[in-house]
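Below is one structure, written out as structure tokens; the observations come after it.
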Amino acid sequence: MNNISEEPKGDRSKGPNFIESIIENDLRAGKNNGKVVTRFPPEPNGYLHIGHAKAICLDFGMAEKYGGICNLRFDDTNPVKESVEYIDSIKEDIRWLGFDWGDREFYASDYFDKLYKFAEALIEKGLAYVDDQSSEDIASQKGTPTQPGKESPFRNRSAAESLDLFQKMNRGEFPEGSRVLRAKIDMASPNMHMRDPVIYRIIKAPHHRTGSKWNVYPMYDFAHGQSDYFEGITHSLCTLEFEVHRPLYDWLIDQLKTGDYRPRQIEFNRLNLTYTVMSKRLLLQLVNEREVSGWDDPRMPTLSGMRRRGYTPEAIKKFITRIGYTKVEALNDIGLLEHAVREHLNQITPRVFAVLDPLKVVITNYQKSGEEIELINNPEEPSMGSRKIPFGREIYIERSDFMEDPPGKFFRLKPGGEVRLKGAYVVVCDKVVKDAATGEVTEVHCSYLPETRSGGAEANRKVKGTIHWVPVSEAIDIEVRLYDRLFVAEEPTASKDVDFRQHLNPESLKIITAKAEPSLAEAKHGDLFQFQRLGYYCVDSESTPEAPVFNQTVTLKDRWGKR
RNA sequence: UGCUCCGUGGUGUAAUUGGCAACACGUCUGACUCUGAAUCAGAAGAGUCCAGGUUCGAUCCCUGGCGGAGCAACCA
């Protein structure tokens, strides 16, 4: 099998990206004793999408490149939104991509004790206080980005009182929403995140790992940076929107650290794709509202959806290295991803014949029976061998491969015209049979030229076109699910005034019954194919031997269809 | 109109102590072809947001504009 990670061309002009440069400088400066420790920190509140894959490739990739390690850490600080279902799916998806975190599987909840003690220490140092106000009141005092906030009336209560209240909060003595713990920083800071951020809140829901041990849970901002610190993370790579959180993390680490070590956060641009949405919240909405069949619907940008669609980890990773990491908010053309998918699938998939929209062809002068045609499985990879398909007097061809009155440069079958049936014979179209009522073409009658059989005496007869076919008597019926982009708008979330669901593509899924060569009866879930001249297809998870189901992964490029 | 970050072909990126802009996708030609795919050859397409400055020389350094994004969840 060809290895596409062996660089074909291009891409090589790239030097280190800005993150690699920073890491290399740190290494040169002797920071962290020459160690590189990264982490991938998902919240288990949804399935991973290709944007996460970009982060995963970076987090694991940097560790690998610089001889370090990468932790998998679930940032599970909000039990009401998180579940083990998501944890399991996340681990499966990371493994599918080809990364291994060994025994370094951690949870922010592993640090709840440390975090709680740290919070108590902050209170004792006068750097945190319990606020008895409602979230609305706190929000109203927060100010705006252009106006400073106002201090809470509880800001200067005694440390002893705050400590007592905080402990009561955790004992479950107060209802949810009645009190929070806030860091005491600066209500006039130009950075909103420094305006006495809430660091602990009361949640009485059971946690998937700690059960009912806690009645207070740390906010993400109070858990993430410190978790990095506890794990000895050297380079904490995250997306751009956390840039303004960094001063808060730094402030917290300043209160926590005992030596010189501190994690270094570096922010990069997130992955956006045209014609898709990349927010777990919106994807969850599509799932809940049944706009798609689930998180793994092949139209979803989730890794499980792409896997079911037939995308390979190799293709996804190739795409990600091509788009790179910068600080520019980018919108990537989905075509770039599809190109990477075709590139990989072209190398690895066996070619097969399937006719999506069958038109019957009768070869009137064909008398033989039992003839078989041998076909190469993959011209890109001779080691994949060949297979045989029965040939017969009646075959199906693609309806679009026949035109009664075609425009110029139509290389396929037309009245009086010749076309090669791939692997078999050249046929001439003699007669068109139509439905008297509708005028629809129901059959095409042809005669074949016996000497033109592939490998035969006149095999190199010049014909303009070669088309695929399937024998009527041996063809099997397969269900084919044709997918188009889920949205018709390039940027479904571009406008705040228009709900993104307005842009859903009503034709994103079409289910048809197609005719396929008999060998496909043995295809198994996960098998990938090229339906010759059409595109790449894979066997769906719902497929059974009795009722095979194929998903269209991506079509072949089609210069003719574009005209 | 506060703070932070960012502005290079249609898209995504590159140009590593400043040396007249490169690669991939896409587009368009042509060759080849028993996949109108793939492959191969070639073309068009930016003078690097704007204006100054430093310099022999600026995508790169400085200043000032302009434009875009993020930030006001007891979400992450």
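Residue numbers start from 1 in every chain, and the chains themselves are labelled A, B, ... in the order their sequence lines are given, proteins ahead of strands.
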Rounded to whole Å, how long is the line connecting atom [atom1] of [X] with atom [atom2] of [N]?
{"X": "A:Asp196", "N": "B:rC74", "atom1": "CG", "atom2": "P", "value": "13 Å"}
{"X": "A:Asn269", "N": "B:rG7", "atom1": "CG", "atom2": "P", "value": "11 Å"}
{"X": "A:Ile323", "N": "B:rA24", "atom1": "CD1", "atom2": "P", "value": "17 Å"}
{"X": "A:Gln552", "N": "B:rA37", "atom1": "CD", "atom2": "C1'", "value": "15 Å"}
{"X": "A:Ile185", "N": "B:rC71", "atom1": "CD1", "atom2": "P", "value": "19 Å"}
{"X": "A:Ile50", "N": "B:rG12", "atom1": "CD1", "atom2": "C1'", "value": "13 Å"}

What nucleotide, of [options], holds the atom closest to the side chain of [X]?
{"X": "A:Val180", "options": "B:rU35, B:rG70, B:rC74", "value": "B:rC74"}
{"X": "A:His339", "options": "B:rU13, B:rC74, B:rC25", "value": "B:rC25"}
{"X": "A:Ser135", "options": "B:rG7, B:rC74, B:rU1", "value": "B:rC74"}
{"X": "A:Glu241", "options": "B:rG70, B:rG7, B:rU27", "value": "B:rG70"}
{"X": "A:Ile138", "options": "B:rA73, B:rC74, B:rG36", "value": "B:rC74"}
{"X": "A:Met192", "options": "B:rC74, B:rC71, B:rG36", "value": "B:rC71"}
{"X": "A:Ala330", "options": "B:rA76, B:rU13, B:rU27", "value": "B:rU13"}
{"X": "A:Thr326", "options": "B:rA76, B:rU13, B:rC71", "value": "B:rU13"}
{"X": "A:Glu243", "options": "B:rA72, B:rU4, B:rA76", "value": "B:rU4"}
{"X": "A:Lys327", "options": "B:rA76, B:rC6, B:rA72", "value": "B:rC6"}

So for A:Arg412 and B:rG36, does any side-chain atom that can act as donor or acceptor lie under 3.5 Å from a complementary atom in the base?
yes
Under-3.5 Å donor-acceptor pair between A:Glu380 side chain and B:rU39 base
no
B:rG30 pairs with, by Watson-Crick or G-U criteria that keep both distances under 3.5 Å:
B:rC40
Could you tell me which nucleotide pairs with B:rG70 by Watson-Crick or G-U wobble geometry, both distances under 3.5 Å, or answer none if nothing does?
B:rC3
Please state the [atom1] separation for the pair [N] and [M] - nearest whole angstrom.
{"N": "B:rG10", "M": "B:rA44", "atom1": "P", "answer": "16 Å"}
{"N": "B:rU59", "M": "B:rA38", "atom1": "C1'", "answer": "37 Å"}
{"N": "B:rC20", "M": "B:rA76", "atom1": "C1'", "answer": "48 Å"}

Name the nucleic acid region contacted by [X], choosing base, sugar-phosphate or nothing; use a 4.0 angstrom heavy-atom cut-off, strictly under.
{"X": "A:Thr77", "result": "sugar-phosphate"}
{"X": "A:His468", "result": "nothing"}
{"X": "A:Arg281", "result": "nothing"}
{"X": "A:Phe242", "result": "base"}
{"X": "A:Gly455", "result": "base"}
{"X": "A:Lys142", "result": "sugar-phosphate"}
{"X": "A:Asn78", "result": "sugar-phosphate"}

Presence of A:Lys318 side-chain N/O under 4.0 Å of B:rA24 phosphate oxygens OP1/OP2
no
Identify whether the distance between the nearest side-chain nitrogen and carboxylate oxygen of A:Arg461 and A:Glu418 falls below 4.0 Å.
yes
Does A:Tyr325 have A:Lys54 sitting over its ring (NZ/CZ under 6.0 Å from centre, angle to axis within 45°)?
yes
Could you tell me if A:Ser134 and A:Glu136 have a donor-acceptor pair between their side chains, going purely by distance under 3.5 Å?
yes
N-glycosidic conformation, B:rG42 - syn within 90 degrees of 0, else anti:
anti
What I'd like to find out is whether the side chain of A:His224 reaches to under 4.5 Å of the side chain of A:Phe242, using heavy atoms alone.
no
